[in-house]
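A short write-up of the structure that comes next.
Ligands are counted one by one from 1 in listed order, and the atoms in each one are counted from 1 as well. Values below: every heavy atom of this structure, side chains too, minus hydrogens, waters and symmetry copies. Predicted, not measured: the structure shown is a model, and the values here were computed from it.
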Amino acid sequence: MTHTIEEVRALYHRPLLDLVYEAAGVHRAHHAADEMQMCTLLSIKTGGCTEDCGYCSQSVHNDAPLEKEILMKTDDVLEQARKAKDSGSTRFCMGAAWPRVLDGRAFDRVCDMVKGVSDMGMEPCVTLGMLSEDQAKRLKEAGLKAYNHNLDTSREFYDKVITTRGYDERLETLENVAKAGISACCGGILGLGESEEDRISLLHTLCNLDPQPESVPINMLVPVEGTPLANAPRLDIFEWIRCIAVARILMPKAMVRLSAGRLEISKEAQALAFMAGANAIFTGEKLLTTPNPEKDADYALLDELGMKPRAPYQDEDISGTSEAA
Ligand code: SAM
Ligand code: DTB
Ligand code: SF4
C-alpha cells in the first residue's frame with residue numbers, strides 16, 4: 001500500500017496523544033506490547049571513513065577525538081557476540097566505517113563473522129556502507145538477517161549533511177539488499193537541524209520502500225565534538241515521540257528501534273516511546289563510538305514497566321540454527 005505525502009503530513013500533525021493512542025493500538029495488533037528486542041552493537045572497524053557525514057565521529061572530514069582501528073579479528077568479534085548473547089541480546093549488529101564494501105580479504109572476514117553469529121543462534125546484522133547485489137548475496141549465504149543502511153534524513157535536506165554519497169546511491173544499496181532477500185534495517189537521524197517537513201518526507205520515503213524495512217532505527221543526534229553538528233540545537237522530545245508513533249502506524253510490522261541518543265532521554269520519555277510502538281533497543285555501554293545507557297539501567301526500566309526482553313528468533317524460521325530456543 002502506498003502512502004501519499006499528504007496522508008503522512010496529516011498523520012504527523014495529529015494531536016500528540018491521539019497519535020500515540022492510535023500507534024499503541026497498531027502496535028498491539030501486530031506485536032507483543034510487553035516485549036522488547038535487546039540488541040548489541042559492535043564497531044568492527046573504527047574511523048578513517050572517507051564519507052563526509054556531518055554528524056559522524058568516524059569521518060576523515062571531521063575532527064572528532066577518535067582512535068582509528070583496523071578490522072577486528074573474527075575470533076574477537078565472536079567472543080563479543082557470545083558475551084552479548086549471554087547477557088540477553090538476540091540481535092548482534094556489526095558496523096564498519098567503510099564508504100562501501102570492497103571484495104577481498106576484509107569482506108571475506110566479515111562473511112565469516114556473520115556466519116559465526118548466525119551459528120550462535122543470534123540474528124546477525126551488518127552495516128558496511130554501499131553494497132553491490134553480488135556482495136549482498138554473499139552475505140545472505142553467510143546467514144545475514146538484516147543490512148543496516150539509513151536514509152538519514154529527507155531527500156531535500158540530505159545535502160546539508162552529506163555530500164560525498166547521494167540519496168539515490170543509498171536507495172540503490174537498499175535495492176541490492178532486497179534483491180538478495182535480506183531484510184533492510186533502514187531509518188534516520190532526528191535533530192540534525194531538519195524541519196518538520198523534512199521529518200515528514202523521510203517517513204514518507206521510508207514507508208514507501210518496497211518491501212518496507214523490517215527494522216526502522218530512529219537515531220537522535222548524539223552531538224560529537226569536532227563535527228559540524230557538534231552544536232546543533234536539541235530536538236524537542238515530543239517531536240521524537242511523534243516520529244516514532246508515525247513510523248509505527250505507517251510500518252505496522254517493522255521493529256521500531258531506538259538507536260543513538262537514548263542516554264540523554266529520560267525514562268519517562270522512553271516509556272512513552274514504547275507506548276507509541278518502539279520495540280527494540282541497543283543495550284550495552286557503547287553504541288559504535290558514543291556512550292549508551294548501561295545494560296542494568298535498561299533491564300531495570302523494562303522491569304519497572306512490566307516488560308520483558310523478547311526471546312530469540314520468536315515466530316521465525318530457525319531451521320539451520322542449533323542453539324536457538
Ligand atoms: N558506514 C556505514 C554507513 O554509514 O553506511 C555504517 C555505520 S554508520 C555509523 C550507521 C548510522 O549511524 C548512520 O547512518 C547514522 O544514521 C547513525 N549515526 C552515526 N553517527 C551518529 C550520531 N552522532 N548520532 C546519531 N546517529 C548517528
Ligand atoms: C543505526 O541506525 N544506529 C546505530 C546502528 N544503526 C549501526 C549506530 C548508532 C551510532 C551512533 C554514533 C556512534 O556511536 O558512533
Ligand atoms: Fe560515518 Fe558511515 Fe558516514 Fe562513514 S559512511 S562517515 S562511518 S556514517
Side-chain angles (χ1 to χ4, degrees), residues 39-69 71 91-102 110 124-131 146-153 158 161-167 169-174 176-177 184-194 202 206 213-232 234-235 240 247 254-265 280-293:
C39 314
T40 298
L41 264 172
L42 178 67
S43 181
I44 57 171
K45 186 266 167 189
T46 306
C49 182
T50 51
E51 302 286 359
D52 68 351
C53 308
Y55 48 76
C56 187
S57 60
Q58 307 199 66
S59 166
V60 292
H61 302 268
N62 300 337
D63 259 334
L66 183 79
E67 288 291 318
K68 251 179 77 172
E69 282 164 38
L71 183 65
R91 180 147 161 149
F92 192 68
C93 179
M94 296 164 275
W98 287 334
R100 65 171 65 247
V101 174
L102 296 176
V110 173
C125 173
V126 290
T127 178
L128 312 170
M130 290 180 281
L131 180 82
Y147 194 83
N148 169 236
H149 200 64
N150 293 338
L151 291 175
D152 279 353
T153 188
Y158 184 84
V161 185
I162 301 141
T163 68
T164 50
R165 174 190 291 170
Y167 212 70
E169 288 179 292
R170 293 199 180 232
L171 291 168
E172 208 174 294
T173 290
L174 291 167
N176 292 338
V177 166
C185 169
C186 182
I189 313 184
L190 307 177
L192 297 170
E194 76 285 348
L202 170 65
L206 288 173
E214 170 259 347
S215 152
V216 182
I218 309 278
N219 294 282
M220 182 74 126
L221 176 71
V222 177
V224 177
E225 187 195 325
T227 66
L229 287 162
N231 299 313
R234 200 168 162 71
L235 183 73
W240 180 75
M255 303 300 291
V256 174
R257 185 174 303 281
L258 304 185
S259 303
R262 271 194 319 113
L263 197 57
E264 301 297 326
I265 297 173
I281 55 174
F282 286 113
T283 66
E285 62 199 30
K286 202 151 131 204
L287 288 158
L288 290 174
T289 68
T290 63
N292 192 47

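- For Arg165, the closest heavy-atom approach to ligand 3 falls below 4.0 Å.
- Residue-ligand proximity, Pro217 to ligand 2, at heavy-atom distances under 4.0 Å covers atoms 2 (O).
- Residues Pro228 and Asn62 have side chains in contact (heavy-atom distance under 4.5 Å, counting atoms from C-beta outward).
- Summary of contacts: the protein heavy atom closest to atom 1 (Fe) of ligand 3 is Cys56 SG, 2.3 Å.
- Counting heavy atoms from C-beta outward, Leu258 and Phe282 have side chains that stay 4.5 Å or more apart.
- The N/O atoms of Val222, backbone and side chain alike, include one that comes under 3.5 Å of an N/O atom in ligand 1.
- The option with the heavy atom closest to atom 10 (C) of ligand 2, from among Thr46, Ile189, Leu288, is Leu288.
- Within the structure, the closest approach of Val222 to ligand 2 does not fall below 4.0 Å when heavy atoms are considered.
- With ligand atoms numbered from 1 in the order given, ligand 1 contributes 13 (C), 14 (O), 15 (C), 16 (O) to contacts under 4.0 Å with heavy atoms of Asp152.
- Considering Ile189, Leu192, Leu287, Asp152 in turn, Ile189 is the only one that fulfils the side chain to side chain contact (heavy atoms under 4.5 Å, CB included) rule with Asn219.
- The Asn150 neighbourhood of ligand 1 comprises atoms 11 (C), 13 (C), 14 (O), 15 (C), 16 (O), with distances under 4.0 Å to a heavy atom of that residue.
- At the top of the distance list for atom 15 (O) of ligand 2, counting protein heavy atoms only, stands Thr289 OG1, 2.6 Å.
- Close contacts between ligand 1 and Arg165 involve ligand atoms 3 (C), 4 (O), 5 (O) [criterion: under 4.0 Å to a heavy atom].
- If you look at His149 next to ligand 1, the close heavy atoms, those under 4.0 Å, all belong to the side chain.
- To the nearest 0.5 Å, atom CD of residue Glu285 and atom OG1 of residue Thr290 are 12.0 Å apart.
- Against a heavy-atom cut-off of under 4.0 Å, Gly129 is close to the following atoms of ligand 1: 2 (C), 5 (O).
- Heavy-atom contacts of Leu221 reach the following atoms of ligand 1: 24 (N), 25 (C) (cutoff under 4.0 Å).
- The protein heavy-atom contact nearest to atom 12 (C) of ligand 2 is Thr290 OG1, 3.6 Å.
- In summary, the side chains of Tyr147 and Asn176 do not present any donor paired with an acceptor at a separation below 3.5 Å, with no hydrogens or angles considered.
- Of the protein's non-hydrogen atoms, the one nearest atom 20 (N) of ligand 1 is Tyr55 CD1, 3.3 Å.
- In this structure a side-chain-to-backbone donor-acceptor pair under 3.5 Å is present from Ser59 to Glu51.
- Every atom of ligand 1 is numbered from 1 in the order shown, and the set under 4.0 Å from a heavy atom of Ala96 is 1 (N), 2 (C).
- Side chain of Glu264 to main chain of Gly261: no donor-acceptor pair is present (N/O by atom type, distance under 3.5 Å, no hydrogens or angles).
- Proximity of a side-chain donor or acceptor of Thr127 to a complementary backbone N or O of Asn148 within less than 3.5 Å is detected.
- Residues Cys185 and Arg257 form a side-chain contact, since some pair of their non-hydrogen atoms from C-beta on lies under 4.5 Å apart.
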Q | Working for side chain to side chain contact (heavy atoms under 4.5 Å, CB included), residues Thr46 and Gln58 | A | CA-CA 7 Å; Thr46 306; Gln58 307 199 66; 3.6 Å; yes
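- Using a 4.0 Å cut-off between charged nitrogen and carboxylate oxygen, Glu172 and Arg165 do not count as a salt-bridge pair.
- One finds the NE2 atom of His61 at 6.0 Å from the OG1 atom of Thr50 (value rounded to the nearest 0.5 Å).
- The shortest side-chain heavy-atom distance between Glu194 and Thr153 falls under the 4.5 Å cut-off.
- Contact annotation for Val224 and ligand 2: no heavy atom of the residue comes within less than 4.0 Å of the ligand.
- The single protein non-hydrogen atom nearest to atom 10 (C) of ligand 1 is Asn148 OD1, 4.0 Å, given as residue, atom name and distance.
- Looking only at heavy atoms of the protein, atom 4 (Fe) of ligand 3 is closest to Cys49 SG, 2.3 Å.
- Only the side chain of Leu41 comes within 4.0 Å of ligand 2, counting heavy atoms alone; its backbone N, CA, C and O stay farther away.
- Using a 4.5 Å heavy-atom threshold, the side chains of Lys45 and Glu69 count as separate.
- If you look at Ile189 next to ligand 1, the close heavy atoms, those under 4.0 Å, all belong to the side chain.
- Within ligand 2, counting atoms from 1 as listed, the ones closer than 4.0 Å to a heavy atom of Asn150 are 1 (C), 2 (O).
- Each of the following atoms of ligand 2 lies closer than 4.0 Å to a heavy atom of Ser259: 3 (N).
- Near Thr127, meaning under 4.0 Å from any of its heavy atoms, are these atoms of ligand 2: 7 (C).
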Q: Carefully, step by step, assess Arg262 and Ile281 under the rule side chain to side chain contact (heavy atoms under 4.5 Å, CB included).
A: CA-CA 9 Å; Arg262 271 194 319 113; Ile281 55 174; 3.9 Å; yes
Q. Can you list the steps and then say if Thr289 with Leu66 is a side chain to side chain contact (heavy atoms under 4.5 Å, CB included)?
A. CA-CA 8 Å; Thr289 68; Leu66 183 79; 3.9 Å; yes
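- Counting backbone and side-chain atoms alike, Cys53 contributes no N/O/S atom closer than 2.8 Å to atom 1 (Fe) of ligand 3.
- Side chains of Cys93 and Val126 form no contact here, defined as non-hydrogen atoms less than 4.5 Å apart.
- In this structure, atom 5 (O) of ligand 1 has protein heavy atoms in its sub-4.0 angstrom surroundings.
- For ligand 1, the atoms closer than 4.0 angstrom to any heavy atom of Thr127 are 2 (C), 6 (C), 7 (C).
- For atom 5 (C) of ligand 2, the closest non-hydrogen atom on the protein side is Asn148 OD1, 3.7 Å.
- In Glu225, the CD atom is not crowded: 12 or fewer heavy atoms of neighbouring residues, nucleotides or ligands sit closer than 6.0 Å.
- The shortest N/O to N/O separation between Arg170 and ligand 1 does not fall below 3.5 Å.
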Q.
Could you go through Glu214 and Arg91, starting from their C-alpha distance and side-chain angles, then the distance that decides it, and tell me whether this counts as salt bridge (charged side-chain N to carboxylate O under 4.0 Å, His left out)?
A. CA-CA 13 Å; Glu214 170 259 347; Arg91 180 147 161 149; 3.1 Å; yes
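- Of the protein's non-hydrogen atoms, Asn219 OD1, 2.9 Å is the one closest to atom 3 (N) of ligand 2.
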Q: Could you please spell out the steps behind the side chain to side chain contact (heavy atoms under 4.5 Å, CB included) verdict for Leu174 and Leu151?
A: CA-CA 9 Å; Leu174 291 167; Leu151 291 175; 4.1 Å; yes
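- Ligand 1 has no atom lying under 4.0 Å from any heavy atom of Glu51.
- Counting only heavy atoms of the protein, atom 11 (C) of ligand 2 lies nearest to Ala260 CB, 3.8 Å.
- Which parts of ligand 1 touch Leu288 is read off a 4.0 Å heavy-atom cut-off, strictly below it: atoms 9 (C).
- Contact atoms of ligand 3 toward Ser59: 6 (S) (distance under 4.0 Å to a heavy atom of the residue).
- At a heavy-atom distance under 4.0 Å, atoms from both the backbone and the side chain of Ala97 approach ligand 3.
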